[in-house]
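First comes the structure, then the notes that go with it.
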Amino acid sequence: MVVPRDNDRVAELLWEYADLLSLQGADRFRIRAYENAARSVAGSSRDLSSLDLKALTSLSGVGKAIAEKIREWFDTGAIAELDALRAEVGAGVRSLLAVPGLGPKRAAAVHEARGISTVEELRAAAQKGQLRDLPGFGAGTEEKILKATETVVGERRIGLGVALGLAEALVERLRDCPQVGEIASAGSLRRRRDTIGDLDVLVASTDPAPVMEAFVGSDVVTDVLAHGQTKSSVMTAEGIQVDLRVVAPEAWGAALLYFTGSKAHNVKLREMAIRAGLKLSEYGLFDGDRVVASRTEDEVYAALGLSWIPPTLREDRGEIEAALAGELPDVIELSDIRGDLHGHTDLTDGVASLQEMVRAAEAKGYAYYAITDHAPLLTMQRMTPEKVLEQRVAVRALEQRSRLRLLHGSELNIARDGSLDWPEEFLDGFDVLVASVHSHFDLPRDEMTRRLLRAIEHPCVNVIGHPTARRMGKRPAIDFDVEAVCKAAAATGTALEVNASPERLDLPDELARAAVEYGVKLAVSTDAHSIVHLDNMHLGVATAQRGWVRKADVVNAMPWRDLKRFLAKGRPASRRP
DNA sequence: GCCGTTTTCGGCCCGACTGTTTTCAGTCG
């Protein structure tokens, strides 16, 4: 069993604390303090277990009281006040908050009045008509709750790749509506989070009603959750909630800013506005009734004294403070990418030939491109030294006729003990080597760390592929000492990959950020197994942006001369690419 | 409970939609 990072476990405890407080009807600002702390802890790349009280309070949103609770949990394995709260509120009641439409007030009410503490009990009570008499409830509310209990299956989030496809289709469909002016998807999709809870679509129009009608009447809609004049929510056949907001064209910028989020980013902007004697909403930045800025995001940020902040950075992880100080990182852009250092052909498990992959890479306008088919220990691939040498000859011949510089490489498997597959003397014949974990995902942290360190320290390994080995929704990240791995990678000149495959996005954003803080170089690669996968590069770039990664941190944004130096690593001089 | 470029006390984002309400509370994002 893979244990979640300590930070995530602490964040979960703080979320639970906030939920229990809300069920008790506690002061809402106190609740928010715990939520803010949970977000801050989850987003921090520092290892909380090693921090003392003073260091803990240096995290934003963490003060003395919460720092003590965190320390208590690390020291004793429990938080006394949390246990007390659990006992007071009652077991299971928190699970009711997962039911859409049932917030803390109503959840507490059904528990108080009917002794309900599970979603199943809630459904049964709704079916028997036992909720409608409660104060503030009614037949309509009961009906909604009943319906909601049928759909609740925990939080379901979809991968970024799937979400982008759905959103694009929906936007195209709405564009046919003549009343639609500007249209864009916003929310966590625009911020390019690795998973997406629901889709947010924003439309500028002077005539919202027909747009709303077209939206809720669309044939992909299976359920209308809300249908107002400027805001509607629907459920699609895929089980994805989509929210549509329609705003006046002159409010486009303020609305796009607002609906892109994140919530924490917005709250901070609004607090800044208040301090300046202004008010910020989705309709604009106001001085009393006078509009100060609203038409573009740029204008709104500028009026608050900030430069425009890329959506991928809007997570309240210091970007606002950085913008204020004029120190926003100049994050990597897709156009900075000069080549792709991880890709497969039909020699192993790819579906396109070497020639096809190279032609597609040429069409991308790259300066260089690496072929890195699997090595033999991934037994399903049936690779042999003869085959890979034959491929090398083909690559060299192809390069003669290509304007691309072609690198012949391989993706090695990092065995349980950290050893690699090809015979040792064979390895320095490759131009580039990616080494990845493909098995034994559940080793204890120390063993996993030693395994990765051994691969990193190998003189021929240039890139650690998909370092956490996570598969979105399928397999959690492997557990290793981030600091030790990053320090070794930085010291040896080994890049860590930001794998752009939408089911991986690995390194994840926060770890990418930690890595560059340790001075590690990154390789943003598609791991393409077909021609279309080469198009995923933008997802890797977006993930890197979310990790505050600059062009200078990325080896495949380097000109060939510099990349060549990087790839030489510890290879004998005569065998360097 | 946290926080500080007017603050160590007194603030803490803002608005839409729904259902049960004759003016608003709860929920959501």
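Proteins come first, then strands; the chains are lettered A, B, ... in the order of their sequence lines, and each starts at number 1. Heavy atoms only: backbone and side chains are in, while hydrogens, waters and symmetry mates are out.
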- [ ] Please state whether the phosphate of dC13(B), meaning OP1 or OP2, lies under 4.0 angstrom from any side-chain nitrogen or oxygen of Arg32(A).
- [x]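 It does, given that an N or O in the side chain of Arg32(A) lies less than 4.0 Å from OP1 or OP2 of dC13(B).
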Task: Below 4.0 Å: OP1/OP2 of dG15(B) and any side-chain N or O of Lys279(A) - done: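 Result: yes.
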Open item on the list: For the CG atom on Asp330(A), are there more than 12 heavy atoms of other groups (residues, nucleotides or ligands in this structure) within a distance under 6.0 Å?
Closed with: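 Count not over threshold, so no.
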What does the list of N/O pairs under 3.5 Å between the protein and nucleotides 27-29 of chain B look like, with a distance for each?
from: dT27(B); atom 1: OP1; to: Gly103(A); atom 2: N; distance (Å): 2.8
from: dT27(B); atom 1: OP1; to: Gly103(A); atom 2: O; distance (Å): 3.1
from: dT27(B); atom 1: OP1; to: Arg106(A); atom 2: N; distance (Å): 2.8
from: dT27(B); atom 1: OP2; to: Lys105(A); atom 2: N; distance (Å): 3.1
from: dT27(B); atom 1: O5'; to: Gly103(A); atom 2: N; distance (Å): 3.4
from: dC28(B); atom 1: OP1; to: Gly101(A); atom 2: N; distance (Å): 2.7
from: dG29(B); atom 1: N2; to: Tyr258(A); atom 2: OH; distance (Å): 2.3
from: dG29(B); atom 1: N3; to: Tyr258(A); atom 2: OH; distance (Å): 3.2

Separation of [N] [atom2] from [X] [atom1] (nearest whole Å):
{"X": "Asp133(A)", "N": "dG19(B)", "atom1": "CG", "atom2": "P", "answer": "18 Å"}
{"X": "Leu146(A)", "N": "dG19(B)", "atom1": "CG", "atom2": "P", "answer": "14 Å"}
{"X": "Gln229(A)", "N": "dG15(B)", "atom1": "CD", "atom2": "P", "answer": "17 Å"}
{"X": "Met212(A)", "N": "dC17(B)", "atom1": "CE", "atom2": "C1'", "answer": "11 Å"}
{"X": "Glu35(A)", "N": "dC12(B)", "atom1": "CD", "atom2": "P", "answer": "17 Å"}
{"X": "Asn36(A)", "N": "dC13(B)", "atom1": "CG", "atom2": "C1'", "answer": "12 Å"}
{"X": "Ile145(A)", "N": "dT18(B)", "atom1": "CD1", "atom2": "C1'", "answer": "12 Å"}
{"X": "Phe137(A)", "N": "dT18(B)", "atom1": "CZ", "atom2": "C1'", "answer": "14 Å"}

TODO: Determine which pairs satisfy ring pair (Phe, Tyr, Trp, His ring centres under 6.0 Å) with at least one residue from residues 182-236 of chain A, sequence neighbours left out, and list them in order.
DONE: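 As it turns out, there is no ring pair (Phe, Tyr, Trp, His ring centres under 6.0 Å) pair with a partner in residues 182-236 of chain A once direct neighbours are skipped.
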Open item on the list: Considering only residues two or more places apart or on different chains, which pairs with a residue in residues 33-54 of chain A satisfy ring pair (Phe, Tyr, Trp, His ring centres under 6.0 Å)?
Closed with: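 Sorted pair list: Tyr17(A)-Tyr34(A).
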TODO: Quick one: closest heavy-atom pair of Val211(A) and Ser205(A), and the distance?
DONE: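 Distance-wise, the nearest heavy atoms are CG2-OG, 4.0 Å.
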Could you check whether [X] gets within reach of a base, just the sugar-phosphate, or nothing at all, counting any heavy atom under 4.0 Å?
{"X": "Leu280(A)", "result": "sugar-phosphate"}
{"X": "Thr230(A)", "result": "sugar-phosphate"}
{"X": "Lys144(A)", "result": "sugar-phosphate"}
{"X": "Arg245(A)", "result": "sugar-phosphate"}
{"X": "Ala139(A)", "result": "sugar-phosphate"}
{"X": "Asp27(A)", "result": "base"}
{"X": "Ile274(A)", "result": "sugar-phosphate"}

TODO: Mind checking side-chain contact (heavy atoms from CB on, under 4.5 Å) for Gln127(A) and listing every partner two or more places apart, or none if nothing turns up?
DONE: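 In terms of side-chain contact (heavy atoms from CB on, under 4.5 Å), with neighbours along the sequence ignored, Gln127(A) is linked to Arg123(A), Leu146(A).
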Please report the distance separating the [atom1] of [N] from the corresponding atom of [M], rounded so that it comes out in whole Å.
{"N": "dC28(B)", "M": "dT20(B)", "atom1": "P", "answer": "16 Å"}
{"N": "dC2(B)", "M": "dT7(B)", "atom1": "C1'", "answer": "13 Å"}
{"N": "dT21(B)", "M": "dG26(B)", "atom1": "P", "answer": "13 Å"}
{"N": "dT6(B)", "M": "dG1(B)", "atom1": "P", "answer": "28 Å"}
{"N": "dC12(B)", "M": "dT8(B)", "atom1": "P", "answer": "16 Å"}
{"N": "dG29(B)", "M": "dC13(B)", "atom1": "C1'", "answer": "12 Å"}

- [ ] Not counting sequence neighbours, which residues clear salt bridge (charged side-chain N to carboxylate O under 4.0 Å, His left out) with Lys268(A)? List them please.
- [x]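 With neighbours one apart ignored, the set is Asp316(A), Glu321(A).
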- [ ] Using a 4.5 Å cut-off on heavy atoms from C-beta on, say whether the side chain of Pro467(A) contacts that of Asp506(A).
- [x]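 They are in contact (side-chain heavy atoms under 4.5 Å apart), so the answer is yes.
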Task: Sub-4.5 Å side-chain heavy-atom contact between Leu269(A) and Tyr301(A) - done: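 They are in contact (side-chain heavy atoms under 4.5 Å apart), so the answer is yes.
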Open item on the list: What I want to check is whether the side chains of Ser49(A) and Asp47(A) have a donor and an acceptor closer together than 3.5 Å.
Closed with: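 Side-chain D/A pair, Ser49(A) to Asp47(A): present.
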Task: 5' priority, DNA chain B, between Gly228(A) and Arg30(A) [closest heavy atom] - done: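 Checking each residue's closest nucleotide, the 5'-ward one belongs to Arg30(A).
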Please produce a list of atom pairs where a protein N or O lies less than 3.5 Å from an N or O of nucleotides 2-8 of chain B.
from: dC2(B); atom 1: OP1; to: Gly63(A); atom 2: N; distance (Å): 2.6
from: dC2(B); atom 1: OP1; to: Gly63(A); atom 2: O; distance (Å): 3.3
from: dC2(B); atom 1: OP1; to: Ile66(A); atom 2: N; distance (Å): 3.2
from: dC3(B); atom 1: OP1; to: Gly61(A); atom 2: N; distance (Å): 2.6

TODO: Identify which one of Leu122(A), Val110(A), Val93(A), Leu96(A) satisfies the side chain to side chain contact (heavy atoms under 4.5 Å, CB included) criterion when paired with Ser117(A).
DONE: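 For Ser117(A), the side chain to side chain contact (heavy atoms under 4.5 Å, CB included) check succeeds only for Val93(A).
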Task: SB check Glu483(A) Lys487(A) (cutoff 4.0 Å) - done: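 Looking at Lys487(A) together with Glu483(A), the answer is yes, because their closest N to O distance falls below 4.0 Å.
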Task: Who pairs with dC28(B) - Watson-Crick or G-U, where each distance is under 3.5 Å - done: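 The answer is dG15(B), by the H-bond criterion.
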